[in-house]
Amino acid sequence: NKIIIDSQGSQNLKPIWAFYSLLFLIVTIFFNFLFDYLRARYQESIGIELAARDRQKVGEVLKRGSLGYFTKHSTGEILSDITTGLDILENMGIRMVDKVVGGYISVLLIFISISILDIRFGLIALAGAVLSFVFQVCISKNSEKRSVTQLKATQDLSGAIVEFARGL
């Protein structure tokens, strides 16, 4: 606002405002770093805790399983299923929830900010967000179809690695 007033010649911009702007940028960068650090620290521990709890549950289920199950399914297949799923949960699950929820909150705040300035632009932004959501749903459905193929390939690879290790 002060720059606009200065450009109109109504009032001269004092040099101290450059210092205020620099100070504001430094403080916001510091808090951005601090909150990113704290978020990452707590997200990692949540993912590890969830995966540890699920690993214990899987171990309890496998203890009660019949020996016929282990002859019917190879050790590599069991290992692959457990390791892949829990590894994804541990490393990516909480981050993805954070990204999705944070993204929707950002879209909401941007929509509100733009709508305050001009409702027409707000409606255009809302239409863009809805269109993006529709494309995201389509991509998600396609990804679900392809994940079966990826899981099968991972199982085959894990089985081959276990067979190779047993052979050594």
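Pairs passing the salt bridge (Lys or Arg N to Asp or Glu O under 4.0 Å) check and including a residue from residues 111-123, sequence neighbours excluded, read D118-R120. Listed by first and then second residue, the salt bridge (Lys or Arg N to Asp or Glu O under 4.0 Å) pairs that reach into residues 8-25 come to none, sequence neighbours excluded. Pairs of residues two or more places apart, or lying in two chains, never qualify as salt bridge (Lys or Arg N to Asp or Glu O under 4.0 Å) while including a residue from residues 21-34. Pairs engaging residues 21-34 under the salt bridge (Lys or Arg N to Asp or Glu O under 4.0 Å) rule: none recorded [sequence neighbours left out].
For D36, the side-chain hydrogen bond (donor to acceptor under 3.5 Å, both in side chains) partners at least two apart in sequence or on another chain are R39. For F133, the ring-ring contact (aromatic ring centres under 6.0 Å, His included) criterion is met by no residue, not counting sequence neighbours.
Cluster annotation: I139 is not connected to V134 through the hydrophobic network of ILVMFWY side chains, with a link wherever side-chain heavy atoms come within less than 4.5 Å. In this structure, L34 is a member of the same hydrophobic cluster as V27, with clusters built from ILVMFWY side-chain heavy atoms closer than 4.5 Å. Tracing side-chain contacts under 4.5 Å through hydrophobic residues (I, L, V, M, F, W, Y), one never reaches I112 starting from I110; they form parts of separate clusters. Placement of L126 and L108 within a single hydrophobic cluster is found when ILVMFWY residues are connected by side-chain heavy-atom separations under 4.5 Å, directly or transitively.
Closest approach of V107 to A129, counting heavy atoms only: CG1-CB, 3.7 Å. Heavy atoms only, all atoms of each residue included: G122 and I114 are closest at N-CG2, 3.4 Å.
More than 12 heavy atoms of other residues, nucleotides or ligands shown are found within 6.0 angstrom of OH on Y104.
The backbone N or O of F24 lies less than 3.5 Å from a partner atom in the side chain of T28, making a donor-acceptor pair. Proximity of a side-chain donor or acceptor of S132 to a complementary backbone N or O of G128 within less than 3.5 Å is not detected.
Ring orientation note: the planes of F31 and F35 are close to parallel, at an angle under 30° on the 30°/60° scale.
Atoms CZ and CD1, on F111 and I116 in that order, are 10.0 Å from each other to the nearest 0.5 Å. Here the CG atom belonging to L22 is positioned 6.5 Å from the CG atom belonging to L25, to the nearest 0.5 angstrom.
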*asked:* Apply side chain to side chain contact (heavy atoms under 4.5 Å, CB included) to residues F135 and L131 and explain how you reach the verdict.
replied: CA-CA 6 Å; F135 283 127; L131 188 63; 3.7 Å; yes

